[in-house]
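Structure first, then comments.
Here is how names work: the chains are called A, B, and so on, in the same order as the sequence lines, proteins then strands, and each is numbered from 1.
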Amino acid sequence: MSDRYNFEFIEQKWQAKWDKTKAHKTIANEKPKFYCLDMFPYPSGRLHMGHIRNYAIGDVLTRFQRMQGYNVLHPMGWDAFGLPAENAAIKNKTHPAEWTFNNMDYMRAQFKRLGFTYDWDREFATCDPDYYKWTQWLFLKLWERGLVYRKEQLVNWCPSCATVLANEQVVDGECERCGAKITHKNLEQWFFKITDYADRLLNNLDKLPGWPEKVKAMQRNWIGRSEGTIIKFTVFKDEYLECFTTRADTLYGVTYIVLAPEHPLVARLIKGNPEEENCRAFIEEVLAQDEIERLSTEMEKKGVFTGSFAKNPLTGEEVPIWLGNYVVATYGTGAVMAVPAHDSRDYAFAGKYKLPLKYVVFPEKAELSQNEAYEGEGVLKNSGTFNGLANKIAQKEITLELERRSLGHFQVNYRLRDWLISRQRYWGAPIPMLYCDKCGIVPEKEENLPVLLPVDVNFAKKGTNPLKTSQNFVTAVCPICGGKAQRETDTMDTFVDSSWYYLRYAGPSKDKIFDLEEAKYWMNVDQYIGGVEHAILHLMYARFINMVLYDMGLSPKEEPFCNLLTQGMVLLGGAKMSKSKGNIVESDEMVKTYGADTCRLFMLFTAPPERDLEWSDAGIEGSYRFINRVWRLVYELEPELREVPFTTVDREGLGKEERELQQKLHESVAKATEDIKVKFQLNTALSTMMELVNAIYLYKEQKNHHQGLLRQAIDSLILMLAPYIPHTASELWELTGHATDVHQQKWPDFDANLAKADEVEIVLQINGKIRDRLLVPQEATKEDLEEIAFNSEKIKEILEGKVIRKVIAVPGKLVNIVAG
RNA sequence: GCGGACGUGGCGGAAUUGGCAGACGCGCUAGACUUAGGAUCUAGUGGAUUACCUCCGUGGGGGUUCAAAUCCCCCCGUCCGCACCA
């Protein structure tokens, strides 16, 4: 034992012990459960301080809940498929697997060096054939349920990653991963029908009170549900142009129609018209723009007349059909009925091209201004038989009339698109489908899973899916007719892998996707912790896949994640730590200098978990100082405590200093417990413990110590620090004579009565301004306080010659005298 | 434009059930100990004025209240997400 805080020795000692005894192994039992899950990492290489922060939060919660009597599952593994491995493989002429597994080994050792409570027996990587076999199985189940389809459409293409991407993975027209500008290609791709679940994904958000409002808002926004009407305008003979609108009530105000240049009817609508040339030039111009330009609100609204007309289904009026650069081809029908009198965008467009306005909705009280679009509520005019109806009612009535005439119907539209899951890359789970000359597209048989990634591939050809270079892989046998077939060479989006991993942790299994019985015990995840960057991507995909598994009778809960914490980022120089920016503070370096406990402590103390945190060299020094301070305190008191048994000390017979220390102790336990359990404010829990340490230091200066009370204070302090600085706490627990493991102890209790001070300082106010402060007994009543207040010399002086109007006394807080 | 979060010392941040603004930590200042200190300990640290008293102060303005960082209204600003979605 050393008087110096030797973190290297201490941390290695306890880590070796935890490893050897499998201290963090978890099995389902009769205790109440708690499933604490940190989003598993991509094995990118090395941990930095950002990682430490993420995982330290989950680790504190895990250790705390164990001390609260819960059986806590806290697993860790690897989201191990993905592009960086493949790119590294091309660059270093290795195999992606080698790069990935090396990184996993390195990072696993780093996790252990940080003392995290993971049950390593449950570890897996999504690139293990034992795992991706079930990702493929899941694909087949979705196929069976009609939730998978293959379709040619305009898709996002990342030229740098040489693969297609889902809508969610395109940010501001750029690749979410590499930042390259996205282009568009017409390709046949695989999709998951997430839109079938749009309503449930949306409605269930209301059943997730433990999720941040922000994340729920983002998902609602992304799903973008909108109720409206499809209205059919007649073009040619017996052919219709369908428009989606949320304002069917303004149908009598339609003065033209605008189509996206990509609309399928455009070619026929312009053909042979004098405007044809003009239109072609316009379409070419619009299509030449990239996504960002095209969708920018700054973009000037432009259009051209097609030379054709469409017939309004109710008025029979012929209105001109235009092409517009602002109409989104992929939303609704790609065709908009324009009502310039009641839509400001149409108003601007109509003004520019001298198209007519027709007001049909009039405000009930105010005058209608004809200098702008009126978008508010009102009553219908100029609308035939619908005149006089409130516009909200007219929306329904007009749609019902259209339904009677088979010229329209109610429609719910979503912004959400189906999930494009195929990728033209090697390092992912192969899509288990085949192309047979006779049978067409056929699924692989379940018993033939996993469809293994071949080893004989060539990574050298840039822009080609390496899987295509393996003849052994591509050439296959049709599972139906036994004839010659070709394997699908696309792999699945890695977000498919991570959409069900939490179930695998909860119920590891050799012969099933997961063990249903064990998963029933653990699910759902009580606390999920991860970055807000997954607010839409992973968190919506996972909810969707879990919902499908729930419908299949497999997943025990409809929603997988009960409570969600989106922790803030660790910044350096105001920017998120990232390899590409080169602003990384490496875990290894800091652990070597200060030890794991100090790193953890700093990350938790400096800011509340949800907020971003700026790295500070001085800040980590402060945390290191605090641990040293605790170390010295316990080390110096240890000789007189070693033989003192732990007891709970009563208030009776204690001296003033003892009573103060006791009060501080109980108050600290109460606050540290509430902060972590209710508020999730680890920073304030820690500041409370710092105050307790300061109080014990102060008491230590006393001549004769109440050893029983000191023992209780020191023991409680070590217990409360155990989740945060587990190595130091273990060592100090042992040092002070305990034969037990600090992490298997019960969290300390507190007595609410003892947490109150004997005397409290109250303030005396006159007209709300503080004029005096006094110490009064804790139990002083309103009446007592008033008496005390009027006896104060200062108060008497100020009140001279004033009339007292009102006196407010709040026990334990203040007395306020209103006088004038 | 829509939605979410937020604005408190030199800095990170406390206090949000209305009731002492600035806990805790960093930094800074002075002192103690010391051969030395980038260790440790003690004291101080919102601003103005300063022996004391006092006044001002939570982005700005108004309001409710005995009492507002906290509740209400208006405005300004920052960050994040979505964005010509019909």
Side-chain angles (χ1 to χ4, degrees), chain A residues 4 171-172 212-222 224-226 228-229 231 243-247 250 257-258 260 294-301 324-339 342-346 348-349 413-416 532-533 535-536 566 601-602 605-608 610-623 625-626 628-629 632 671 675 681 683-694 697 701 760-770 772-773 794 805-819:
Chain A
R4 191 176 68 91
V171 180
D172 292 333
E213 212 38 60
K214 177 185 179 169
V215 174
K216 287 192 279 189
M218 281 166 77
Q219 291 209 357
R220 280 192 195 104
N221 216 321
W222 189 261
R225 185 180 198 272
S226 148
T229 306
I231 300 179
C243 296
F244 174 77
T245 180
T246 54
R247 294 293 306 272
T250 61
I257 280 173
V258 199
R294 175 95 186 269
L295 293 180
S296 161
T297 28
E298 311 301 311
M299 191 71 194
E300 194 193 354
K301 289 179 182 52
N325 62 346
Y326 66 97
V327 179
V328 180
T330 52
Y331 182 77
T333 58
V336 178
M337 64 174 219
V339 188
H342 298 291
D343 182 291
S344 53
R345 292 158 305 176
D346 295 343
F349 190 84
N413 242 333
Y414 299 94
R415 216 187 71 103
L416 180 71
V532 74
E533 65 271 22
I536 295 171
T566 50
L601 185 71
F602 175 54
F605 172 67
T606 305
E610 303 207 62
R611 214 178 297 189
D612 286 350
L613 175 163
E614 179 72 32
W615 173 261
S616 145
D617 290 327
I620 195 166
E621 285 281 350
S623 295
R625 234 169 4 226
F626 172 69
N628 273 283
R629 204 166 140 76
R632 280 195 308 274
K671 183 149 168 49
D675 278 355
Q681 297 261 311
N683 56 328
T684 49
L686 282 165
S687 67
T688 299
M689 289 183 248
M690 289 178 181
E691 286 183 56
L692 178 59
V693 168
N694 293 344
Y697 259 101
E701 296 308 307
V760 287
E761 192 183 60
I762 60 153
V763 294
L764 304 182
Q765 298 179 325
I766 292 173
N767 296 333
K769 300 217 166 185
I770 296 161
D772 201 3
R773 296 163 192 273
K794 279 189 193 161
R805 300 232 166 83
K806 196 171 177 183
V807 180
I808 298 109
V810 183
K813 304 251 158 134
L814 49 64
V815 179
N816 188 14
I817 300 165
V818 187

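- A/Glu213 meets the side-chain hydrogen bond (donor to acceptor under 3.5 Å, both in side chains) test with no other residue; sequence neighbours excluded.
- For B/G46 and B/G10, the C1' atoms lie 10 Å apart once the distance is rounded to whole Å.
- Here OG1 of A/Thr566 is found 9.5 Å from CD of A/Glu533. Values are rounded to the nearest 0.5 Å.
- Looking at heavy atoms from C-beta onward, A/Asp343 lies out of side-chain contact with A/Arg247 at the 4.5 angstrom threshold.
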Summary of protein contacts for nucleotides 36-42 of chain B, nucleotide by nucleotide, where a base hit scores B, a sugar-phosphate-only hit scores S (4.0 Å, heavy atoms): ----SS-
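- The side chain of A/Glu691 lies closest to B/A23 when the candidates are B/C20, B/A23, B/A86.
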Test side chain to side chain donor-acceptor pair (under 3.5 Å) applied to A/Asn221 and A/Arg415, step by step: CA-CA 8 Å; A/Asn221 216 321; A/Arg415 216 187 71 103; 5.4 Å; no
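- Atom CD of A/Glu761 is separated from atom P of B/G19 by 17 Å (rounded to the nearest Å).
- Between B/G25 and A/Asn694, a contact under 4.0 Å exists linking OP1 or OP2 to a side-chain N or O.
- Checking side-chain atoms of A/Asp346 against main-chain N and O of A/Val339 turns up a donor-acceptor pair under 3.5 Å.
- Nearest to the side chain of A/Val763, among B/G81, B/A86, B/C20, sits B/C20.
- Atom name C1', nucleotides B/C76 and B/A14: the rounded distance is 26 Å, in whole Å.
- The residue among A/Met337 and A/Ser623 whose nearest nucleotide of RNA chain B lies closer to the 5′ end is A/Ser623.
- Protein atom CD of A/Glu533 is 17 Å distant from nucleotide atom C1' of B/C82, rounded to whole Å.
- Straight-line distance between the P atoms of B/G44 and B/G38: roughly 23 Å, to the nearest whole Å.
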Under 3.5 Å, which N/O atoms of the protein pair with N/O atoms of nucleotides 61-66 of chain B?
{"residue": "B/C66", "atom": "OP1", "partner": "A/Lys806", "partner atom": "NZ", "Å": "3.3"}
{"residue": "B/C66", "atom": "O2'", "partner": "A/Asn816", "partner atom": "ND2", "Å": "3.1"}
{"residue": "B/C66", "atom": "O2", "partner": "A/Asn816", "partner atom": "ND2", "Å": "2.7"}

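- Closest of all the heavy-atom pairs between A/Arg629 and A/Val693 is NE-CG1, 4.2 Å.
- The OG1 atom of A/Thr245 lies 10.5 Å from the CG atom of A/Asn413; values are rounded to the nearest 0.5 Å.
- An anti orientation is assigned to B/G18, its glycosidic angle lying beyond 90° of 0.
- Between B/A51 and B/U35, the distance separating the two C1' atoms is 41 Å to the nearest Å.
- No side-chain heavy atom of A/Tyr326 sits under 4.5 Å from any side-chain heavy atom of A/Val336.
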Each base of RNA chain B marked ( ) or [ ] if paired in-strand (Watson-Crick or G-U under 3.5 Å), | if paired to another strand and . if unpaired gives (((((((..(((......[....)))((((((.......))))))(((.....)))..(((((..]....))))))))))))....
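- Nucleotide B/C82 holds its C1' atom 12 Å from the NZ atom of A/Lys214, rounded to whole Å.
- Nearest heavy atom pair, residue A/Val328 against residue A/Ala260, reads C-CB, 4.3 Å.
- The residue among A/Ala329 and A/Met690 whose nearest nucleotide of RNA chain B lies closer to the 5′ end is A/Met690.
- When all heavy atoms are compared, the tightest approach of A/Cys243 to A/Thr333 is CA-OG1, 3.6 Å.
- Note: NZ (A/Lys301) to P (B/A86) measures 14 Å, nearest angstrom.
- Residues A/Ser687 and A/Phe605 share a closest heavy-atom pair of CB-CE1, 4.0 Å.
- As rounded to whole Å, 17 Å separates atom C1' of B/C80 from atom CZ of A/Arg220.
- Rounded to a whole Å, the CD1 atom of A/Ile536 is 11 Å from the C1' atom of B/C80.
- Nucleotides B/C6 and B/A69 have their C1' atoms positioned 13 Å apart, rounded to a whole Å.
- In this structure, CZ in A/Arg805 is found 8.5 Å from CG in A/Asn767, a value given to the nearest 0.5 Å.
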Under 3.5 Å, which protein N or O atoms sit close to an N or O of nucleotides 13-17 of chain B? Give each pair with its distance.
{"residue": "B/A14", "atom": "OP1", "partner": "A/Asn683", "partner atom": "ND2", "Å": "3.4"}

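- Using a 4.0 Å heavy-atom distance criterion, A/Gly622 is classed as a sugar-phosphate-only contact.
- Ranking B/A86, B/G27, B/G3 by closeness to the A/Ala217 side chain, first place goes to B/G3.
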Quick one: which protein N/O atoms are closer than 3.5 Å to N/O atoms of nucleotides 48-57 of chain B? Pair and distance per line, please.
{"residue": "B/C56", "atom": "OP2", "partner": "A/Lys769", "partner atom": "NZ", "Å": "3.3"}

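- Residue-level contact check: A/Asp343 touches neither bases nor backbone, having no heavy atom under 4.0 Å from any strand.
- Atom CG of A/Leu686 and atom P of B/C26 are 13 Å apart (whole Å).
- Rounded to the nearest Å, the gap between the P atom of B/C2 and that of B/C75 is 12 Å.
- Residues A/Ile231 and A/Met337 are in side-chain contact: their nearest non-hydrogen atoms beyond the backbone lie under 4.5 Å apart.
- Across the P atoms, B/A68 and B/G61 are found 15 Å apart, a figure rounded to whole Å.
- The two residues A/Tyr414 and A/Tyr331 make their nearest non-hydrogen contact at O-CE1, 3.8 Å.
- The line from CG of A/Asn325 to NZ of A/Lys301 is 8.5 Å long, rounded to the nearest 0.5 Å.
- Distance noted for atom C1' between B/G9 and B/G1: 37 Å (whole Å).
- Put simply, CZ on A/Phe602 is 19 Å from P on B/C24, counting in whole angstrom units.
- If you check every strand for non-hydrogen atoms under 4.0 Å, A/Val215 touches nothing.
- Atom NZ of A/Lys813 and atom CD1 of A/Ile808 lie 15.0 Å apart (nearest 0.5 Å).
- OP1 or OP2 of B/A86 sits under 4.0 Å from a side-chain N or O of A/Tyr331.
- The distance from atom CZ of A/Phe626 to atom CG of A/Asn694, rounded to the nearest 0.5 Å, is 8.0 Å.
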